[in-house]
Amino acid sequence: MRPRVHAVSGGFLGPSAQARRIRRIMALAGYPPRLGLPGPDDLIAAWGHAPRAARAEALAKRRGARILRVEDAFLRSLFPGRAGEPTLGLLIDEQGIYYDPSQPSDLETLLATHPLDDHALLETARLCMARLRALHLSKYSGFDPATPAPPPGYVLVVDQVRGDASLTHGGLHGPLSPHIFHDMLVQAQLDHPTARIVIRTHPETAQGLRAGHFTKADAASDRISFCDAPCSPWDLLEGAIAVYTVSSQLGFEAILAGHRPQVWGLPFYAGWGLTEDRAPHPRRRRSLTRTQLFAGAMLLYPKWYDPCRDRLCALPELIDQLEALTRAWREDHSGYDALDMRLWKRPHLQAFFGRWQPLRFRKRAERRSMVWGARDGDVRIEDGILRSRGLGAALTPPLSLVRDDLGIYYDPTRPSRLETLIASPLPPGGAERAERLIARLCASGATKYNLAGSRPDLPEGHRILVPGQVEDDASIRLGAGALRTNAQLLAQVRAQNPDAVILYKPHPDVEAGLRPGAVSDASAADRVLPQTDTGWLLTQVHEVWTITSTLGFEALLRGLPVTCLGAPFYAGWGLTRDLGPVPERRQAKPDLNALAHAVLIVYPRYLDPVTRLPCSPELALDRLADPKSSPQPPALRLLAKLQGMLASRTTFWR
């Protein structure tokens with residue numbers, strides 16, 4: 001049983017979002033902070049060696065209690081804590097704290113004594129290292145990878161903020177001298193007399209939050225320049241020929257990027273045979289690989305927190321969540337003017353795309369324009385493939401939307417961002433992630449709308465499922481060939497499959513009377529299946545014929561043969577039998593995992609209906625499986641009924 005943890009600082013007990021997050025993570029980790037006087041067997045929580053930790057240290061001395069040091073984890077958030085954003089993880093240390101080399105910490109002990117030889121652990125570490133680099137994730141990930149780094153071939157000298165605890169407690173016997181930064185800069189020039197020197201400014205300095213050690217006077221030479229642009233640390237490290245640091249976390253990332261940095265302090269990553277150490281550490285004698293160092297520092301030491309599921313999680317899950325969060329910020333932080341958006345959609349669009357810069361709903365754009373569907377604009381928005389529990393035409397809010405800056409996925413007359421993603425190489429772990437997602441999706445029976453339905457007895461024989469479509473849908477107008485109606489589709493399927501059992505499933509929007517596409521004569525079908533459970537039905541048939549329905553993609557995920565008479569987004573890649581006019585530009589031959597990765601993971605954006613945070617497709621699938629997690633607001637249910645009554649007479653809901 002762990003000792004009780006007492007807190008005396010507002011950083012743990014206050015009402016701020018950060019304080020609430022800290023308390024929650026500590027409680028989940030088994031260290032719930034409480035008020036009251038501690039006893040000699042208790043712990044007192046202190047935030048690292050921050051000034052506010054002095055009160056906890058004084059109380060611990062008087063009461064004979066021990067200090068529990070707490071700090072932000074190495075993947076914290078988009079922005080520094082001073083910006084007010086809650087952390088995504090904590091480092092909770094009963095011995096010391098990772099940046100104080102004067103005494104052992106839990107991290108140092110772990111790195112010195114843990115075998116770090118488990119195959120599964122090291123494979124997870126390798127994958128996470130590769131994903132962080134590919135996704136451009138760092139301690140603070142609120143930067144734009146499109147921002148160019150300096151031209152390659154420079155020596156990177158890393159600045160830090162004045163008064164940082166890793167400097168004031170960064171020596172074996174006290175604080176590091178502030179002059180160490182200028183000594184390091186001089187040595188970098190002596191070691192590389194012909195190379196350019198780039199000084200990397202700390203993000204807090206670049207944002208005007210805290211001062212650094214270098215000033216413009218240090219860049220008086222033509223050889224030396226500052227880099228305070230919000231570019232990717234991984235791009236900076238890629239272009240560097242050498243890295244010099246005192247104790248910055250960028251030195252740790254330099255190791256992960258393949259460098260052997262020159263280290264002038266005693267950070268947690270020094271002394272393990274992976275750095276050139278200006279000041280050797282007397283306790284650290286073990287040699288580690290970079291994978292072992294990463295496994296200890298990133299997989300075993302931190303307490304990672306999933307804010308959507310409100311639980312502790314492993315690093316791979318944390319990366320999934322941080323990927324969703326950073327993607328949303330990187331795409332949206334400069335804002336949009338959303339043009340001619342329906343009133344009922346506006347709150348959901350604001351939640352998806354206006355988190356950091358509110359959308360402006362207008363008739364004309366003064367900045368980047370956002371439009372719905374295939375209209376002309378800078379960015380086009382549409383429903384995702386895993387959309388909701390209910391119909392869009394019934395005004396059910398979406399869990400996923402796609403954002404396309406080239407075209408839109410259902411318009412084959414021009415390229416789309418989805419086509420580019422399908423033809424691109426998979427990122428690290430992408431195939432395995434897609435395979436797991438497909439398996440979960442199929443096991444759950446999830447479909448685009450996830451409507452409850454019947455499961456009727458079906459005729460025996462070779463069953464072909466023919467999904468009906470909305471006949472004025474944009475995917476028909478833009479992607480159909482000669483066949484453009486449900487009646488024509490049924491007739492063609494029967495003509496080419498005279499002995500098959502043809503099952504016709506009307507489109508839910510058509511069944512609800514919200515969109516056109518009803519078939520007056522369905523005699524070409526052996527059975528019409530209104531209001532049938534789509535997920536179940538896909539397990540009962542042998543193949544699917546369609547014009548452009550997304551149900552064809554859902555069938556591919558379940559291993560069914562699919563014949564396309566139009567040009568849906570999943571046709572033309574070698575996975576379907578194509579009888580329609582498929583664009584010649586679709587020359588790539590992805591496997592099913594690659595197609596699913598593009599369509600379900602990297603193309604859509606997902607929004608958690610519970611926390612209203614950007615989230616992963618895995619989380620969205622969990623929410624779709626739970627009817628209580630994404631109910632339709634009562635006002636929208638009423639508006640949907642009103643829309644159905646008035647659709648033919650007015651467009652007042654625009």
Side-chain angles (χ1 to χ4, degrees), residues 78 134-137 141-142 144-146 306-309 317 319-338 341 345-359 368-374 377-389 392 396-410 416-422 424 427 430 433-434 437 441 446 448-450 550 553 569 595-624 629-630:
L78 290 177
L135 295 169
H136 295 272
L137 299 179
S141 296
D144 188 352
D306 183 337
C308 293
R309 296 180 175 92
E317 290 178 290
I319 293 175
D320 291 345
Q321 176 59 28
L322 188 56
E323 175 186 11
L325 193 66
T326 54
R327 178 187 170 189
W329 181 83
R330 289 168 183 174
E331 290 182 352
D332 302 342
H333 70 276
S334 59
Y336 306 94
D337 284 346
M341 295 295 181
K345 291 180 178 179
R346 294 183 184 186
H348 312 296
L349 291 172
Q350 195 71 263
F352 265 93
F353 303 107
R355 185 177 185 85
W356 290 276
Q357 187 73 254
L359 298 183
R368 281 189 308 171
S369 62
M370 173 183 287
V371 298
W372 190 270
D378 296 320
V379 172
R380 295 164 191 83
I381 303 301
E382 255 292 356
D383 290 332
I385 304 304
L386 283 176
R387 187 195 183 278
S388 54
R389 295 187 65 87
T396 305
L399 273 73
S400 71
L401 292 171
V402 301
R403 171 193 178 277
D404 201 310
D405 57 349
L406 295 178
I408 197 67
Y409 69 91
Y410 54 73
S416 70
R417 180 58 62 185
L418 178 57
E419 287 185 348
T420 300
L421 294 170
I422 292 172
S424 299
R433 185 182 181 189
L437 187 63
L441 186 151
K448 183 172 184 177
Y449 296 117
N450 300 285
T550 57
F553 173 69
F569 63 88
L595 178 70
H597 187 273
V599 175
L600 298 175
I601 296 177
V602 292
Y603 187 51
R605 293 260 297 270
Y606 295 91
L607 186 75
D608 178 16
V610 176
T611 63
R612 309 300 283 170
L613 288 171
C615 71
S616 67
E618 292 85 356
L619 186 280
L621 191 56
D622 288 346
R623 299 302 195 212
L624 286 173
S629 69
S630 54

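In plain terms, the two heavy atoms of Gln321 and Pro614 that are nearest each other are NE2-O, 2.8 Å. Of all heavy-atom pairs between Met341 and Ala338, the closest is CG-CB, 3.8 Å. Among all heavy-atom pairs drawn from Tyr606 and Ala620, the shortest one is CD2-CB, 3.4 Å. Counting all heavy atoms, side chain and backbone alike, Cys615 lies closest to Leu607 at SG-C, 3.9 Å. Taking all atoms of both residues into account, the shortest heavy-atom contact from Gln357 to Gly335 is CG-CA, 3.5 Å.
A salt bridge links Glu618 with Arg433: at least one charged nitrogen is closer than 4.0 Å to a carboxylate oxygen. Using a cut-off of 4.0 Å between Lys/Arg side-chain N and Asp/Glu carboxylate O, Asp405 and Arg417 are scored as salt-bridged.
Counting heavy atoms from C-beta on, the side chains of Asp332 and Leu359 never come closer than 4.5 Å. Under the 4.5 Å side-chain criterion, counting only non-hydrogen atoms from C-beta, Ser369 is not in contact with Val379. Side chains of Ile408 and Val402 form a contact here, defined as non-hydrogen atoms less than 4.5 Å apart. Residues Cys308 and Leu613 have side chains in contact (heavy-atom distance under 4.5 Å, counting atoms from C-beta outward). Annotation: side chain of Ser141 is not in contact with side chain of His136 (no heavy-atom distance under 4.5 Å). Annotation: side chain of Leu401 is in contact with side chain of Phe353 (closest heavy-atom distance under 4.5 Å).
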Before giving the answer on salt bridge (charged side-chain N to carboxylate O under 4.0 Å, His left out), spell out for Arg327 and Glu323 the whole-Å C-alpha distance, their side-chain angles and the decisive distance to 0.1 Å.
CA-CA 6 Å; Arg327 178 187 170 189; Glu323 175 186 11; over 6 Å; no
*Output, in order, the C-alpha distance, side-chain angles, deciding distance and verdict of salt bridge (charged side-chain N to carboxylate O under 4.0 Å, His left out) for Asp608 and Arg623.*
CA-CA 8 Å; Asp608 178 16; Arg623 299 302 195 212; 2.7 Å; yes
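The closest donor-acceptor contact from the side chain of Glu382 to the backbone of Arg403 lies at 3.5 Å or more, if one exists at all. Of the possible donor and acceptor atoms, one in the side chain of Thr326 sits under 3.5 Å from a partner among the backbone N and O of Leu322.
The only member of Leu399, Leu437, Leu441 that meets side-chain contact (heavy atoms from CB on, under 4.5 Å) when paired with Leu386 is Leu441.
Residues meeting the salt bridge (charged side-chain N to carboxylate O under 4.0 Å, His left out) test with Arg309, sequence neighbours left out: Asp306, Asp622. For Ser424, the side chain to side chain contact (heavy atoms under 4.5 Å, CB included) partners are Thr420, not counting sequence neighbours. Looking at residues two or more places apart in sequence or on another chain, you find a salt bridge (charged side-chain N to carboxylate O under 4.0 Å, His left out) between Asp337 and Arg360, Arg362, Arg367.
Here Phe569 and Tyr410 keep their ring centres 6.0 angstrom or further from each other.
Looking at Arg380 and Tyr409, their side chains never bring a donor and an acceptor atom within 3.5 Å of each other. There is no side-chain donor-acceptor pair under 3.5 Å between Ser400 and Arg605. Remark: the Tyr336 side chain and the Asp378 side chain contain no N/O donor-acceptor pair separated by less than 3.5 Å.
Once rounded to the nearest 0.5 Å, the distance linking CH2 of Trp356 with CZ of Arg330 reads 11.0 Å.
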